[in-house]
Amino acid sequence: MGFNKNSVEKYFSQLLLLGILLVLVCFLSWKSPFFLTWKNWRNILDTISVQLLLALGMNFVIATGGIDLSQGSNVCLTGIIMAICLKANFSVWSAIVIGILVAAFLGIFNGLIIEKIKITPFIVTLGTSSLYRGLAIIITGGMPIYSFPTAFTFWGKGESTQLNPPIIIACIVLILAVFLMHKTKWGQYSMAIGGNEEALRRVGVNVGFYKVSYYLASALMAGLAGLIITARLNAAEPTAGMGMELDAVTAVVMGGSLMRGGKANISGTFIACLLLGVIKNGLVILSISSYYQQFIIGFLLLSAVVLAEVRQRGQIRF
Amino acid sequence: MSNISKVPVIKVENINKSFGSIHVLRGVNLEVYPGEAVALVGDNGSGKSTLIKILSGTYGPDKGSIYIHNKQIEHLTPKKALAEGIATVYQDLSLDNYRDVIGNIFLGQEITKWGFFLDYPAMEAIAIDLLKKLKINIPDPRVPVGYLSGGQRQGVAIARAVFQGKEIMIFDEPTAAMGVKETATTLKLIHSLTEQGIAVIIVSHNLFQVFDIAHRVCIMKHGRIVKEIPTGDSSPQEVHQSLIGQTGLEDRMEQIYGI
Ligand SMILES: Nc1ncnc2c1ncn2[C@@H]1O[C@H](COP(=O)(O)OP(=O)(O)O)[C@@H](O)[C@H]1O
Ligand SMILES: [Mg+2]
């Protein structure tokens with residue numbers, strides 16, 4: 001098909017974000033020779049890996065028109081379960097597997113309540129967010145659990161000169177997510193649920209099953225994120241992961257996915273994460289106060305949403 | 001027609017359906033034979049679309065039975081209905097506006113390689129072919145359906161149903177948003193379906209439009225089929241008379257007293 005008007009339309013969000021990213025990269029590499037070093041970029045990628053994982057999972061949920069506000073609490077609870085297993089002298093692998101299984105269970109629980117009782121995802125996951133966080137606090141008595149075997153902390157940092165495990169995990173999941181979203185029924189149905197759930201039911205698709213599976217996917221990403229941050233901090237804290245779900249939503253929406261569902265954009269999500277990482281990094285490099293960080297992110301998010309909305313209006317009927 | 005000896009493809013008996021306190025269908029009986037086109041006409045709110053949704057498995061009836069090829073079907077779901085060869089063009093078109101034309105035509109019946117990898121080129125080729133065959137004018141099947149005109153959108157819904165349908169095709173006001181030319185094409189298409197032996201149910205508020213292609217007209221009123229008229233022994237004017245004529249005293253009594 002080539003590079004016609006349609007593909008520009010289709011990839012507008014990505015192109016725009018890429019443009020901003022490019023300008024920023026040029027500016028920062030002009031300002032500081034350190035910026036373009038591999039060490040700095042590994043740093044950037046390392047910082048965004050957790051946000052990217054959560055955003056990728058969140059993208060499938062948002063594509064359905066839902067939201068998963070329990071991600072952050074899931075991250076925390078998963079980390080604590082792993083920590084407890086490690087303290088009980090479980091092997092590192094079994095601790096990780098048990099933690100991820102618990103995460104999966106929490107996701108299925110979200111999905112089942114949303115599907116079976118038909119309550120809006122916002123309310124359900126707001127509730128379970130508090131539930132999971134509360135559980136984490138009860139289990140730990142509010143105290144952090146720390147100091148784990150190096151075979152476990154490896155998953156947070158790895159050897160400092162090589163590619164870090166979090167970056168590798170995030171890359172694998174990113175490729176998988178692009179493939180699943182755009183090349184499989186499973187991904188396409190997440191958007192179809194957001195686009196017209198009733199139409200999907202009428203063509204005989206088991207919508208409930210699929211819905212639950214997206215909350216499961218989101219929770220699995222929280223499980224991986226839980227592993228990474230617990231290993232990275234060498235501690236599981238009952239306050240861990242707080243607000244991470246909103247950072248994920250920020251990246252998803254900025255990347256051009258629609259909050260009401262129907263249209264999702266995995267590569268946009270990735271570019272948005274990258275942009276956010278570069279901005280944070282740039283503020284440090286330029287020694288600008290991190291006070292500006294929140295303001296800039298807020299400004300970018302709002303601009304992205306307003307722009308997407310204005311462009312949609314009058315083109316697509318609802 | 002010599003269909004009388006044949007087995008009806010679909011038969012419903014005493015279908016009742018309420019939404020809350022509104023009794024929408026009050027004992028509908030209908031049977032349709034292979035190659036027969038039945039027109040369902042009646043006022044807005046008389047329950048046509050609700051009946052259609054029961055036939056397509058979207059709603060379950062509160063009471064009544066559904067037979068396909070004389071076999072009673074319990075709990076007809078959309079999946080079962082499609083498996084039995086029933087395809088439906090819904091009045092609301094049932095399209096995903098963000099999805100492109102190809103994606104909408106293949107929704108729920110995507111072509112995959114190795115069981116999971118969507119074979120987009122294969123779907124595109126079939127879709128382009130199908131649209132051409134049905135004379136539906138859509139220059140680029142890759143555009144999201146939300147960008148299309150009302151008539152084109154109806155075309156997409158019809159193309160999907162044609163792709164799904166094998167035995168029974170149901171059209172709920174399929175030409176409502178179409179221009180004169182598109183409407184003629186659609187009616188011709190529906191007629192050709194009956195010639196292939198497919199049973200057709202077509203809902204319309206325009207009796208004159210469907211009279212020529214229908215073998216039988218069923219007049220629906222307040223949740224019942226009040227009259228069935230074979231088009232062979234009648235003129236559209238006569239049928240129109242009985243459509244209007246009944247909105248007399250009897251009708252108002254029914255509205256007021258529910259009898
Ligand atoms: N899902 C629903 N919930 C409540 N009432 C409904 C629903 N669907 C249809 N109705 C009501 O049922 C009646 C018949 O509607 P419908 O079958 O769409 O009629 P028609 O297609 O003949 O215009 C209308 O009064 C309508 O308001
Ligand atoms: Mg109707």
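Here is how names work: the chains are called A, B, and so on, in the same order as the sequence lines, proteins then strands, and each is numbered from 1.
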| request: If the plane angle is over 60° it's perpendicular, under 30° parallel, otherwise tilted; pick one for A:Phe179 and B:Phe117. | output: parallel

| task | Check whether any side-chain heavy atom of A:Tyr189 lies under 4.5 Å from a side-chain heavy atom of B:Glu110, and answer yes or no. | result | yes

| Which heavy-atom pair separates B:Asp96 from A:Asn196 by the least distance, and what is that distance? | CA-CB, 4.1 Å

| message | Between A:Gln188 and chain B, with a heavy-atom cut-off of 4.5 Å, which part of the residue counts as in contact: side chain, backbone, both or neither? | response | both

| query | chain A heavy atoms under 4.5 Å from B:Asp119: which part of the residue, side chain, backbone, both or neither? | reply | neither

| request: Give me the contact list for residues 57-85 of chain B versus chain A, heavy atoms only, anything under 4.5 Å, ordered by residue number. | output: B:Thr58, B:Pro78, B:Lys79, B:Leu82

| field | Atom group of B:Leu93 that falls short of 4.5 Å from chain A, counting heavy atoms | value | neither

| field | Over all atoms of both residues, closest heavy-atom pair of A:His182 and B:Leu118 | value | O-CD1, 4.3 Å

| message | Taking atom NZ as the centre, does A:Lys116 end up with more than 12 heavy-atom neighbours from other residues, nucleotides or ligands that are less than 6.0 angstrom away? | response | no

| message | Non-hydrogen contacts under 4.5 angstrom with chain B: give the residues of residues 198-212 of chain A involved, or none if there are none. | response | A:Glu198, A:Ala199, A:Leu200, A:Arg201, A:Arg202, A:Val203, A:Gly204, A:Val205

| said: Is it the case that atom NZ in B:Lys11 sees more than 12 heavy atoms from other parts of the structure closer than 6.0 Å? | reply: yes

| query | So does A:Phe105 have more than 12 non-hydrogen atoms from other groups sitting under 6.0 Å from CZ? | reply | no

